[in-house]
Amino acid sequence: IGRSRGTDYFGIGEELTAEERDYWNRARHFVDDEVLPVINEAWEEAEFPRALAERMGELGLVGDGIVGYGCPPMSPMAVGLVHMELNRGDGSLGTFLGVQAGLAMQSIAMLGSQEQKEQWLPRMARVEALGAFALTEPEHGSDSVSLETTARREGEEWVLDGRKKWIGNGSIADVVVVWARDTGDGQVKGFLVEPPTPGWTAEKMTGKGSLRAVWQAEITLDGVRVPEANRLPGAGSFKDTARVLAGTRNAVAWGALGHATAAYDIAITYAGERTQFGRPLASFQIVQERLVRMLAEVCSMQLYCLRLARLIEQERLTDTIAAIAKMNNTRRAREVLAEARDLLGGNGILLDFHVMRHMADIEALHTYEGTETIQTLIVGRDITGIGAFA
Ligand code: FAD
């Protein structure tokens, strides 16, 4: 089958610098040579492949564009390409990167003190220390702004009480950014908790049908004490938490592109090889039409991502733009994956063919970092001037 351009029909590759191309190649080889051969087993066994996460650190893929502090020098485009490639391989590793770099490291880089940055960022970039970001609670997901975990000041310490749910790396992290409401001024603040510590319990969540190769935890904080030096000085209200999330929504848009690219690659290869009625599937008009629609969706997602990178370079990314991109790309990726699953017939549901894993995993991307509906409401507020959240 002629696949002269792969999925790059709009010349995205021509937009890249040599350094960006290098990040892309490094991530691509890592995925093809080290991730794809082992990931289905990890997914099936619900094992977190920590050695692969550490390799990402060794390969200099973890840093999210943070400048200095031992982080690899990555442009917004390089950050996006790495997210895309990892998710093309596997959503669990992509999610690990999102939590480690996009959420935990960025919280420290954007809102932390000099000492906090020096203490944590170099080790986290090398994946010698694992990070987590604990915002969601059992009773507050989409309305995390109403979180109930409290932080009470006692002299030079803070006492944290509450519960968290869905916290990526939560049971294995060396440092967890915990968001809690200051009982003094009522504002949401961020604290670096270093487990194990008295009053902290983190239980790995089980029974997931999506992102099985990365772990989330339910966490209970029962009088957990942290020194004032562990409070993020730049986190004064929920607005600061939201600033961290705008960046990670950009990463999810790139990740969704990776999932859709995998779906298209797998489907077009399969359609060329599988013969029915004496002809390859790819020779049927209906199959071609479906493959072309998939490609068109992938290309439109690429164009969103290209512009996201450029807008971040120019410091022009807004909540609304990040929300449109996250909403659009996860929705498109779901559609492309459903097409690919169908084009593989029965094999489409076998893990060996990879599509089913991506199809299950995209469901989590569609929900986390703010559901599709919540992204829609963010955009709806912008275009109408009317908030429709509550
Ligand atoms: P709910 O908020 O209960 O939403 C349920 C449904 O109601 C959704 O369809 C939603 O769109 C809809 N809905 C809600 N409000 C409205 C409204 N006003 N109007 C219309 N519809 C509405 N959180 C962290 O803090 N750290 C993490 O590391 C983390 N990792 C995660 C990993 C995974 C795999 C998953 C699944 C979640 C993770 N989360 C994490 C939590 C995630 O951000 C939340 O699941 C998400 O924000 C949705 O919250 P919820 O699950 O409570 O759903």
Side-chain angles (χ1 to χ4, degrees), residues 3 5-10 12-13 16 20-40 42-43 49 52-53 55-56 59 61-62 74 77-98 101-102 210-214 250-270 291 294-295 297-306 308-309 325-326 329-330 332-341 343-344 348 351-366:
R3 292 178 55 202
R5 292 196 182 86
T7 56
D8 194 10
Y9 278 75
F10 286 82
I12 304 287
L16 307 181
E20 289 162 351
R21 214 177 282 279
D22 179 56
Y23 276 105
W24 190 2
N25 282 333
R26 235 182 303 155
R28 185 172 16 209
H29 288 306
F30 170 63
V31 162
D32 288 339
D33 302 342
E34 301 182 50
V35 175
L36 289 177
V38 299
I39 199 62
N40 282 334
W43 196 93
L52 288 180
R55 272 291 284 157
M56 283 157 52
L59 289 168
L61 301 176
V62 181
M74 300 171 86
M77 184 74 82
V79 170
L81 290 166
V82 168
H83 274 288
M84 177 185 79
E85 272 309 311
L86 284 179
N87 282 282
R88 182 182 66 80
D90 178 56
S92 295
L93 282 174
T95 295
F96 168 80
L97 180 68
S210 175
L211 297 180
R212 287 175 56 78
V214 66
N250 154 68
V252 180
W254 280 93
L257 169 59
H259 284 279
T261 305
Y264 172 77
D265 281 347
I266 293 165
I268 194 158
T269 303
Y270 192 85
L291 290 168
M294 292 166 74
L295 175 66
E297 295 292 15
V298 168
C299 290
S300 74
M301 295 165 73
Q302 290 169 345
L303 294 169
Y304 267 76
C305 287
L306 172 70
L308 281 176
K326 199 245 170 197
N329 282 12
T330 61
R332 299 283 161 251
R334 272 174 121 195
E335 289 166 4
V336 171
L337 275 156
E339 287 284 3
R341 216 285 316 134
L343 276 174
L344 266 69
L351 276 183
D352 273 356
F353 288 80
H354 298 284
V355 172
M356 194 69 214
R357 174 169 51 81
H358 284 287
M359 196 172 167
D361 287 353
I362 194 68
E363 291 305 305
L365 272 73
H366 185 69

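Quick caveat: nothing in here was measured; it's all calculated off a predicted structure. The chain is numbered in sequence order, starting from 1.
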*Check the side chains of Asn25 and Arg28 for a donor-acceptor pair under 3.5 angstrom, ignoring hydrogens and angles.*
yes

_By the definition side-chain contact (heavy atoms from CB on, under 4.5 Å), identify the one residue from Val82, Leu59, Leu16 that meets it with Tyr23._
Val82

*Give a yes or no answer on whether the side chain of Arg21 reaches the backbone of Gly13 with a donor-acceptor pair at less than 3.5 Å.*
yes

*Any Trp43 side-chain heavy atom under 4.5 Å of Asp361 side chain*: yes

*Hey, could you give me the OH/CZ distance between Tyr304 and Arg332, rounded to the nearest 0.5 Å?*
7.5 Å

*Evaluate the side-chain proximity of Leu61 to Leu97: yes if any heavy-atom separation is below 4.5 Å, no if none is.*
no

_Closest heavy-atom pair and its distance - Arg341, Gly348_ = CD-O, 3.5 Å

*asked:* Asp32 vs Arg88, test: salt bridge (charged side-chain N to carboxylate O under 4.0 Å, His left out). Steps then yes/no.
replied: CA-CA 10 Å; Asp32 288 339; Arg88 182 182 66 80; 3.1 Å; yes

_Member of His366, His83, His358 meeting the ring-ring contact (aromatic ring centres under 6.0 Å, His included) criterion with His259_ = His358

_Met77 vs Leu306, side-chain contact (heavy atoms from CB on, under 4.5 Å): CA-CA, chis, key distance, verdict_ = CA-CA 7 Å; Met77 184 74 82; Leu306 172 70; 3.3 Å; yes

*Provide the closest heavy-atom pair for Val62 versus Ala101 in the form atom of the first, atom of the second, distance.*
CG1-CB, 4.1 Å

*Is Leu93 close to Val31 at the side-chain level, that is, under 4.5 Å between some pair of heavy atoms?*
no

*Working to the nearest 0.5 Å, report the span between CG of Leu86 and CZ of Phe96.*
10.5 Å

_Trp254 and Asn87, any side-chain heavy atoms less than 4.5 Å apart_ = no

*Would a 4.5 Å heavy-atom cut-off, applied to side chains only, mark His354 and Leu36 as touching?*
yes

*Rounded distance [0.5 Å steps], CD in Glu297 versus CG in Asn329*: 9.5 Å

*asked:* Minimum heavy-atom separation for Thr95 and Leu211, please, with both atom names.
replied: OG1-CD1, 3.4 Å

*asked:* For the CG atom of Leu351 and the CD1 atom of Ile39, what is their distance to the nearest 0.5 Å?
replied: 11.0 Å

*Can you see which heavy atom on Leu337 is nearest to which on Met359, and at what distance?*
CD2-N, 3.9 Å

_Ile268 side chain near Leu295 side chain, heavy-atom distance below 4.5 Å_ = no

_Euclidean distance, Asn40 CG relative to Phe353 CZ, rounded to 0.5 Å_ = 11.0 Å

*Which pair of heavy atoms, one from Val79 and one from Met74, lies closest together, and at what distance?*
CG2-CB, 3.8 Å

*Using the side-chain contact (heavy atoms from CB on, under 4.5 Å) rule, take Met84 and Trp24 through it: C-alpha gap first, then chi angles, then the decisive distance, then the call.*
CA-CA 9 Å; Met84 177 185 79; Trp24 190 2; 3.5 Å; yes

_Minimum-distance pair of heavy atoms, taken over all atoms of Arg357 and Gly89_ = NH1-O, 2.9 Å

*Hey, does Cys299 have a side-chain heavy atom less than 4.5 Å from the side chain of Gln302?*
yes

_Given 3.5 Å as the limit, does a donor-acceptor pair link the side chain of Lys326 with the main chain of Ala256, or not?_
no

